[in-house]
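Here the structure comes first, spelled out in C-alpha cells, and everything after it is commentary.
Throughout, a chain's letter reflects where its sequence line sits, starting with A, and its residues are numbered from 1. What's counted below: heavy atoms across the whole structure, side chains too, no hydrogens, waters or symmetry copies.
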Amino acid sequence: MTESTNNSPSVTDSSNLRAWLTTETPRSRFQAKMTQLYSGWQSLRSNPLALVGFLILVILILVAVFAPFLATHGPSEQNLAMRLAPPGSDGYLLGSDEFGRDIWSRIIFGSRITLMIVVLVACTAPVFGLLVGTVAGYLGGWPDMVLMRITDIFLAFPRLVLALAFVAALGAGIENAILAISLTAWPPYARIARAETLTIRNADYISAIQLQGAGSLRIITGHIWPMCMSSIIVRVTLDMAGIILTAAGLGFLGLGAQPPMPEWGAMISAGRKFLLDHWWVATMPGLAIFIVSLGFNLLGDGLRDILDPKGEQS
Amino acid sequence: MSNAAGTATQKRRGASSPLLKRLRRLTTVLFSIIATLVGLLFITFLIGRVMPIDPVLAIVGERASKEVYDAAYLSLGLDKPLVVQFGVFLQQVFTGDFGISRLTARPVSDDIIRVFPATLELASVATVFGVLLGVPMGVIAAVHQGKWQDQLIRLFGLFGYSMPIFWLGLMGLLIFYGILGWVGGPGRLDVFYDDLVPVITGMILVDSLIAGEIDIFWNAVSHIILPASLLGYYSLAYISRMTRSFMLEQLTQEYIITARVKGLSEHAVIWRHALGNVMIPLITVIALSYANLLEGSVLTEVIFAWPGLGQYLTTALLSADMNAVMGGTVVVGLIFIGLNLFSDFLYKIVDPRAR
C-alpha cells in the first residue's frame, strides 16, 4: 500500500523508477510484486475517499506510537480541582472528566487499546476462518458438512449478543472482550474462503500440483490461501470498523476494558452520567471512535473497488 | 446460506427424478435447521455452564448449611453428566420453560413475552424508516452512479456504519431532548402516562390507538421517534447500499433498453420497471436488516431506557441472572435463524429463478 521506495542500483531518477515499476515484463519476482503494489497505490490514489481512510489509519498508528509525546497529561493523572473542565480551559484541550483527567490525553492513550484490539482480532479471526473455510471447501464431503454447520450456528447468533454472552461467561475484561469478538468474527471469513476455494478447487493448476504429488495441506496453504487473500483482506478492513464498534459497545456496557483504562467506549459510558450538563465527556471519545471506524470503512470501501470489484453483492 | 452446501451435495449425487430431488433438498434443509438449532442451544447451554457463578449459591444464598446446599445441588441436577443436563435443558426449552429469573422472580418465558413487544415495536418503526429512506436513496445513487449524488449517499451510509450507536443515541438525546426539547426523553412514555393503557399487543403505539387514547399515542410517538430513527439510520445504510448494487445490475439489462426504446419516461423506467425487479432481492435484505436491528437494539435500548429484550438481556448479564441470560440468548438466536429462513423462503417464492 505504501509507495515503494526501491533502492535497486539501476534506478537513478524518478522517471526510471516509474518505468521500472510500470513495466509489462518484470524481470524478477520482487519487481513483479512491486509493480503490483504500485498499480494498487495508483488506484488507491485515484479514489480520494479511500485515501482519506488510509491517512486516518496512518495517523492512528502514529498517534498510538507517539502517545507519550502527544499527550499533555498522563492518562490516569487526576486533578480534582479541575474536574469537568470544559474544552479549551487552561491546559485541557478537550476538557476533563469527573476525576479531572485530561480527555485529550486519555483519547491519545486510548488509541493504543483500540489498535491492540484491532490487531489481535485481525490476527486471529481471519486466520481461523481461512483455515476452516479452505479445509471445508477443498476436502468437501463430511468435513465440509460439519465445518459449515458449525459456521452456520455461529452465524445464527447476532454478534453483539454472542460476544456479550461470552464475556459474561468468561468474566469482564479487555482480554476476554477481544477473545469474545474473535470468537464471533471468524464465521464470515470461513464462508468467503470456502466460496473462493470452491471456484479454485477444480482449476487446472491445482490438478497439476496434485499430479506432482502434493498433499492436501501443501495445496491448501501454498496454493489456495494466496488466492483467497484479496477478498479476505477487503473483508478484514471492512470488518475492523464493526469490531471497533463492538469492542466499544462492550466497554460501554462495562464488560470490556475496565476503568481506569482509557478505553473509548468505557469513557463514553462514564460521561453518560453528565451528558446534559457536561456534554464533552461523552462526546469526545465518541468522535474518536467515529473517526477511526470511518477510516477503516473508507479504506475498505476503496480496497473493495480495487481488489474485488464484484464483492458488493456478497 | 445453507443452500450452497445443499446444491454441492446434489451435484455429486447427480440428477434423479424431480420429486426425489425435491425431497432430498427438503431433508437437507430440515436437517440443517435442526442442526443449527441444536448447536445454538448447545452453545447457550455451555455459556450458562461455564459462567463463573455458582447457580446453587444464587438460589440458597451464601449462608446456607451444607445440607441445604447439597439438596439444591441435587434438585438442579448438577450431579448428572453434562450430556444428561443438556438433554434436560433441551426438554425444558422445547416446552418453553427457561426457569425462574433471579432478578424478577418470575418465569423467564413470561418476562420475555412481556418485554419482547417493546423491542418489536422499536425495530418495526426503525425498519419503516430505513426502507422509506434507504430504498429511494439507493435508487438515486444507482441512477447517478459515480456522480456527486452517489458519493454523497455513499458517504452518508458510511457515516452510519462508522458511528457507535450508543454514542449516536447519547448525542441525539443531548441535542433533541436536552437542548431543543423536541422529543420525549428516555422510556416509552412520560411517567404520568404509565400503565394507563390496557395491554393488548404490548406495543404502546397500537394499544393506545385501540384504547382511543390519542394523547398517549402522540406521547409514545415523541418517545419512539428518536431511538427508532437512529436505529433506522443503520438499516438505511445497509438497505441503500444493497438497493444501489441491485439497481446497477438491473439498469444494464436489456428489458430496460426495450422500455426506453418504447418511449417510456425515464421515471417509469427507473421507478417502475427496474425497481420492480429489484424488490425481490430487496425483501431478503430488508428481512436481514430487521434481524440485525435486534442486535443494534441492545445498546439503543440501554441508552433510551427502553424496556425491551436488549435491556432485559444486558441487565440479566450484569447481575449474572443465568436463566434470564440463557433464555434471552436463545430467543434472540431463534428469531435470527427464523428471519434468515423466512427471507430464504420468501426469496424462493417471489423469484421463480431461485427455485
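For B:Leu313, the part lying under 4.5 angstrom from a heavy atom of chain A is the side chain only. Proximity to chain A is limited to the side chain of B:Leu155, based on heavy atoms less than 4.5 angstrom apart. The part of B:Ile43 that comes within reach of chain A is its side chain, from C-beta onward, which places non-hydrogen atoms under 4.5 angstrom from that chain. Looking at B:Phe166, the atoms closer than 4.5 Å to chain A (heavy atoms on both sides) all sit in the side chain, from C-beta outward. Neither the backbone nor the side chain of A:Phe296 comes within less than 4.5 Å of any heavy atom of chain B. Looking at A:Leu287, the atoms closer than 4.5 Å to chain B (heavy atoms on both sides) sit in the backbone and in the side chain alike. At a 4.5 Å heavy-atom cutoff, B:Phe42 makes no contact with chain A through either its backbone or its side chain. With a 4.5 angstrom heavy-atom cutoff, B:Thr329 touches chain A via backbone and side-chain atoms both. In this structure, no portion of A:Ile244 lies under 4.5 Å from any heavy atom of chain B. With a threshold of 4.5 angstrom between heavy atoms, B:Met163 approaches chain A through its backbone and through its side chain.
Using a 4.5 Å heavy-atom threshold, the side chains of B:Ile303 and A:Phe252 count as touching. Within the 4.5 Å cutoff, side-chain heavy atoms of A:Leu253 are placed close to those of B:Leu299.
Rounded to the nearest 0.5 angstrom, A:Ile289 CD1 and B:Trp167 CH2 are separated by 8.5 Å. For the atom pair A:Asp152 CG and B:Ile33 CD1, the distance stands at 11.0 Å (nearest 0.5 Å).
Looking at residues two or more places apart in sequence or on another chain, you find a side-chain hydrogen bond (donor to acceptor under 3.5 Å, both in side chains) between B:Ser162 and A:Asn297.
Sequence neighbours left out, the pairs with a member in residues 162-189 of chain A that pass side-chain hydrogen bond (donor to acceptor under 3.5 Å, both in side chains) are A:Thr124-A:Ser182, A:Tyr189-A:Asp239.
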